[in-house]
Amino acid sequence: MIGTSNDSSQDLFGLMSRLYPLCRSITGDGVRQTLKILQEYIPIEIREVATGTQVFDWTVPKEWNIRDAYIKNPEGRKIVDFQACNLHVVSYSAPIRKKVSLEILKAHCFTLPQHPQWVPYRTSYYKEDWGFCLSHQQLQELTDGDYEVFIDSSLKEGHLTYGECFLPGSTDDEILISVHVCHPSLANDNLSSMAVASSLYQQLSRLSLRYSYRFLFIPGTIGSITWLSQNESRVSRIRHGLVLACVGDAGSITYKRSRRGNAEIDRAAAQVLRDSGAEHRLTDFSPYGYDERQFCSPGFDLAVGCFMRTPHGTFPEYHTSADNLEFLRPESIADSISKCMGIFQLLEQNKTYINLNPKCEPQLGRRGLYSSIGGQTDGKIRELAMLWVLNLSDGTHNLLDIAEKSHLDFGLIHDAASNLSAHDLLKEV
Ligand SMILES: [Zn+2]
């Protein structure tokens with residue numbers, strides 16, 4: 001529908017480069033700073049929900065912030081420094097300043113022996129603890145002695161912060177786009193979906209829309225639970241939704257269906273991916289993954305699928321320092337944006353029509369509908385699309401139903417419907 005110009009993909013890389021160093025977590029100033037930067041691109045409203053607020057079976061946690069952290073070796077030299085890489089501290093680590101033996105230090109250190117140069121990403125949100133993440137190589141170089149561990153963090157009453165952005169269409173029916181904003185310096189798993197969502201807002205805001213679009217920039221799990229808990233009365237307006245995650249790597253697209261499995265969003269995504277001719281994967285819903293887990297919990301069962309490239313946990317760089325800006329591919333970001341826009345375009349255009357000349361086929365040649373297609377090499381397929389649209393437009397089949405039954409591209413079916421409507425052979429229901 002709309003391509004991504006080089007200018008805008010450079011913009012998105014500029015955005016991601018600015019967001020990359022921020023130490024995000026499920027609460028705290030890293031999320032606030034992230035949302036403030038995103039506000040330069042799209043009109044996000046920043047919302048704050050107080051610690052202790054009950055949200056279904058959960059409670060909004062204490063707010064965590066961190067200023068500094070390091071490990072000093074027995075000679076007093078900093079060997080692990082939060083300022084150099086925010087992955088070095090286990091997210092939600094309690095404050096600590098003391099000397100510990102190598103043995104105790106090791107019990108609080110996390111590494112990746114299979115990738116000895118990389119630093120892992122670890123969290124301890126709901127169990128108060130402290131810890132460091134470092135490369136396995138670094139851990140192996142540590143010698144006996146007393147190490148100074150210092151984490152200047154705070155875990156206090158505060159708020160959970162999230163961003164919300166609403167783009168009104170001509171109806172109250174909504175399409176939800178949700179991304180998580182709780183990971184620190186990780187690029188594909190976090191920043192790519194923030195950048196793609198921002199670009200989708202910008203592109204959609206230039207169009208005349210049937211649906212209203214609601215964008216959520218939320219901490220994973222607790223953010224969607226909080227939003228659903230505080231917006232339960234509005235949830236019924238959500239007709240379709242996509243959770244976006246890991247949308248910038250070199251892999252092909254994976255679409256994970258909603259819990260319903262055959263919702264319009266599931267079929268729209270499958271159709272757009274099929275029509276694109278590009279390699280892709282469709283997977284069934286499972287209660288493991290991103291915030292689709294909450295949107296698709298049985299009490300809501302929303303038509304929300306998950307749009308990814310390589311799924312979480314299936315690429316070695318996942319949740320490690322190797323998921324950095326170099327891991328992202330500009331062409332993948334652009335392709336993710338264009339496929340999502342294709343899905344939204346399909347949903348916008350997926351209308352139901354009624355054939356105004358249902359008794360036998362209308363004479364297309366008399367109306368110039370053959371001649372208008374005669375010069376085109378794909379004339380036959382366009383004619384076939386018209387026959388399918390005329391035959392199935394009985395008020396019970398929408399254009400996506402017709403595309404699926406005919407095995408023709410949605411774009412062809414939509415063009416046929418527009419053409420037939422212009423010749424008064426079809427009317428929108
Ligand atoms: Zn993650």
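Both counts, for ligands and for their atoms, begin at 1 and track the order of listing.
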Non-hydrogen side-chain atoms of D152 and R97 separated by less than 4.5 Å: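 Side chain of D152 against side chain of R97, heavy atoms only: no contact under 4.5 Å found.
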Backbone or side chain, does H319 get an N/O/S atom under 2.8 Å to the Zn ion (ligand 1)? yes
Got a sec: is H183 within less than 2.8 Å of the Zn ion (ligand 1) via an N/O/S atom?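 True for H183.
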Atom pair [atom1]/[atom2] of [X] and [Y] - distance to nearest 0.5 Å:
X    : Y    : atom1 : atom2 : answer
I265 : F307 : CD1   : CZ    : 10.0 Å
I175 : L242 : CD1   : CG    : 8.0 Å
I413 : S418 : CD1   : OG    : 11.0 Å

State the atom name: nearest N, O or S atom of D189 to the Zn ion (ligand 1).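 Checking each N, O and S atom of D189, the shortest distance to the Zn ion (ligand 1) belongs to OD2.
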